[in-house]
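Beneath this line is the structure, given in structure tokens, with notes to follow.
Positions are given from 1 along the sequence. In this text the structure is predicted, and so the values were computed from the model without any measurement.
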Amino acid sequence: MLYYLFDYLYKVHHLPGAGVFQYISFRAALAVVTSLIIAQFFGAPLIRALQRKQIGETVRDLGLQGQIEKKGTPTMGGLIILLAILVPVLLFAKLDNIYIVLMLLSTVWLGLIGFVDDYIKVVKKDKEGLAGRFKVLGQVGLGITVGWVLFFSNDVTVRQYALPNGSFSAVDASTVYQDVKLMITTVPFLKNNELNYGDLFATAGDFFNEYYAFFYIPIVILIITAVSNGANITDGLDGLAAGTSAIIGITLAIFCFVSGNALLADYLDVMFIPNSGELVIFCTAFVGACVGFLWYNSYPAQVFMGDTGSLAIGGIIAVLAIIVRKELLIPVLCGVFLIENLSVMVQVSYFKYTKRKYGEGRRLLRMSPLHHHYQKLGYHESKIVSRFWIVSIMLAVLTLVTLKLR
């Protein structure tokens with residue numbers, strides 16, 4: 001909103017200094033500062049309101065160190081994150097940008113699903129919360145929407161540059177260019193690192209070539225569902241999900257800045273995605289929200305984000321990666337989410353397998369997800385979180401290295 005106001009003041013009334021709002025870097029800096037201020041300013045009152053309404057965490061005794069002390073800690077703190085993301089983006093981003101619209105939709109969509117789940121758990125006192133099938137249905141619905149828009153919207157393009165022989169390449173930014181509708185993604189660690197989803201069905205006939213959206217959209221659904229559930233599972237220790245998500249958010253902000261800047265994209269030989277630079281503002285607001293929330297969520301936590309926050313931040317990360325065509329880097333960038341997800345799947349599968357084979361279930365881990373396994377081994381909660389953050393930083397650096405390592 002403020003972007004349009006200052007744009008009008010600059011172009012119509014020539015207000016000195018108003019033109020600075022044209023710069024993404026300036027608005028991104030304002031977004032992160034505003035996000036931090038909102039998280040600090042509204043965090044404490046919201047926590048007190050949740051305490052007054054006795055909206056606290058119910059804890060099952062699983063024999064984990066410090067677990068009982070968490071009983072009654074306010075949950076649904078994800079509302080702090082949502083507010084600290086949405087307000088700065090609405091203030092400083094271009095709201096007619098297709099990517100910003102998708103990110104706002106994804107944030108609100110999954111935030112509402114998580115809010116309903118938390119509401120049923122803590123207000124209605126139903127420990128099961130929202131039925132799993134409804135959660136998945138909501139995630140699938142968002143995946144269909146995002147995939148459909150990215151595939152069919154004429155506002156979603158990549159830029160290719162014309163070489164003298166008439167072929168097209170994204171190498172020389174000084175030549176003539178055209179913005180084309182291509183569903184391509186980045187394949188890490190390869191020299192010619194672009195994969196066109198349409199090429200996967202090039203030999204399957206005209207029908208598949210024309211309608212491969214029906215194969216692309218399920219990929220989007222899978223990514224959104226997997227990452228949002230991974231963030232949800234990771235949210236089990238104080239500060240773990242929020243800190244890890246902030247690290248991932250910083251990495252995605254760099255990718256968005258590079259992908260949305262023609263000169264940087266040319267220098268690093270990555271695809272230039274017109275108008276995607278605006279996502280830097282969303283990313284910085286996201287990082288600010290996660291860091292601001294950590295003020296209250298770091299050990300010992302004064303508030304938990306609940307599904308309101310964890311489902312939303314996972315979905316945000318997934319959609320951001322898909323938009324900037326870095327979805328194949330998610331297993332590396334979101335490696336902490338992935339290993340947490342896999343630890344649960346492997347534990348459950350192995351237990352069922354051994355129960356069928358030996359008559360009694362056996363476990364590979366002391367407890368899943370993986371962070372609880374380390375708790376059972378006697379590691380302090382804050383040490384586990386710190387080490388997971390370190391691993392997340394290492395994975396983020398490895399992800400950024402793919403910009404040049406091929």
Take a 6.0 Å sphere around [atom1] of [X] and say whether it holds more than 12 heavy atoms from other residues, nucleotides or ligands.
X      : atom1 : answer
Tyr119 : OH    : no
Lys355 : NZ    : no
Tyr3   : OH    : yes

[atom1]/[X] to [atom2]/[Y] distance, rounded to the nearest 0.5 angstrom?
X      : Y      : atom1 : atom2 : value
Leu320 : Leu279 : CG    : CG    : 6.0 Å
Thr308 : Leu112 : OG1   : CG    : 9.0 Å
Leu333 : Thr399 : CG    : OG1   : 4.5 Å
Phe337 : Ile330 : CZ    : CD1   : 10.5 Å
Cys283 : Ile85  : SG    : CD1   : 10.0 Å
Gln40  : Trp295 : CD    : CH2   : 5.5 Å

Worksheet entry | Over-ring placement of Arg362 relative to Tyr358, 6.0 Å and 45° cut-offs |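 Arg362 over Tyr358 ring: yes.
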
Mark yes or no for whether [X], through its side chain, and [Y], through its backbone, hold a donor-acceptor pair below 3.5 Å.
X      : Y      : result
Thr34  : Ala31  : no
His373 : Arg366 : yes
Ser228 : Gly314 : no
Ser368 : Gln347 : no
Thr225 : Leu222 : no
Thr185 : Arg325 : yes
Lys135 : Leu130 : no

Item to complete: Could you please spell out the steps behind the side-chain contact (heavy atoms from CB on, under 4.5 Å) verdict for Asn275 and Ile98?
Response: CA-CA 8 Å; Asn275 303 315; Ile98 185 65; 6.0 Å; no

If you take all heavy atoms of [X] and [Y], which pair is closest and at what distance?
X      : Y      : answer
Ser106 : Val319 : OG-CG2, 3.6 Å
Gln51  : Pro74  : CG-CG, 3.4 Å
Leu36  : Gly292 : CD2-N, 3.7 Å
Asp238 : Asn297 : CB-O, 3.4 Å
Leu110 : Gly315 : CD1-CA, 3.3 Å
Leu104 : Phe282 : N-CE1, 4.3 Å

Worksheet item: With sequence neighbours excluded, what pairs up with Arg27 under the side chain to side chain donor-acceptor pair (under 3.5 Å) test?
Response: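 For Arg27 the side chain to side chain donor-acceptor pair (under 3.5 Å) partners, ignoring immediate neighbours, are Glu278.
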
Fill in: Sequence-distant partners of Tyr8, side chain to side chain donor-acceptor pair (under 3.5 Å), two or more places apart
His13

Discussion item. By the side chain to side chain donor-acceptor pair (under 3.5 Å) test, which pairs, at least two apart or in different chains, include something from residues 382-394?
Written reply: His380-Ser382

Practice prompt. If a pair satisfies side chain to side chain donor-acceptor pair (under 3.5 Å) and one of its residues is in residues 332-345, list it, with sequence neighbours excluded.
Written response: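 Sorted result for residues 332-345: Glu340-His371.
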
Is there a side-chain contact between [X] and [Y] (heavy atoms, below 4.5 Å)?
X      : Y      : result
Val158 : Asp179 : no
Leu252 : Ile317 : yes
Leu2   : Leu5   : yes
Ile281 : Lys94  : no
Leu403 : Phe255 : yes
Gln139 : Ile221 : no
Leu79  : Met305 : no
Ile219 : Phe215 : no

Salt bridge (charged side-chain N to carboxylate O under 4.0 Å, His left out) against [X], all qualifying residues, sequence neighbours excluded:
X      : value
Asp235 : none
Asp7   : Lys11
Asp96  : none

Identify all side-chain donor-acceptor contacts of residues 241-249 below 3.5 Å with residues at least two apart in sequence or on another chain.
residue : atom : partner : partner atom : Å
Thr244  : OG1  : Leu240  : O            : 2.8
Ser245  : OG   : Ala241  : O            : 2.7

Worksheet item: Under the side-chain contact (heavy atoms from CB on, under 4.5 Å) criterion, do Thr75 and Leu50 qualify, and how do the steps go?
Response: CA-CA 8 Å; Thr75 189; Leu50 293 173; over 6 Å; no

Partner residues of [X] under the ring pair (Phe, Tyr, Trp, His ring centres under 6.0 Å) criterion, sequence neighbours left out:
X      : result
Tyr374 : Tyr379
Tyr4   : none
Phe21  : Phe6, Phe26

Discussion item. I'd like to know whether Thr145 forms a side-chain contact (heavy atoms from CB on, under 4.5 Å) with Trp109, so could you lay out the CA-CA distance, the side-chain angles of the two residues, the decisive distance to 0.1 Å, and finally the verdict.
Written reply: CA-CA 11 Å; Thr145 304; Trp109 189 311; 3.5 Å; yes

Discussion item. Using the side-chain contact (heavy atoms from CB on, under 4.5 Å) criterion, which residues pair with Ile322? Sequence neighbours excluded.
Written reply: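 side-chain contact (heavy atoms from CB on, under 4.5 Å) list for Ile322, sorted by chain: Leu150, Tyr216, Val220, Ile223, Ile224, Glu327.
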
Item to complete: Consider only side-chain N and O atoms of Asn232 and Ser310, and report whether a donor and an acceptor are under 3.5 Å apart.
Response: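 Ser310 and Asn232 do have a side-chain donor-acceptor pair below 3.5 Å.
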
Item to complete: Please assess Ile273 against Met271 for the test side-chain contact (heavy atoms from CB on, under 4.5 Å), listing each intermediate value before the final yes or no.
Response: CA-CA 6 Å; Ile273 306 172; Met271 71 180 77; 4.1 Å; yes

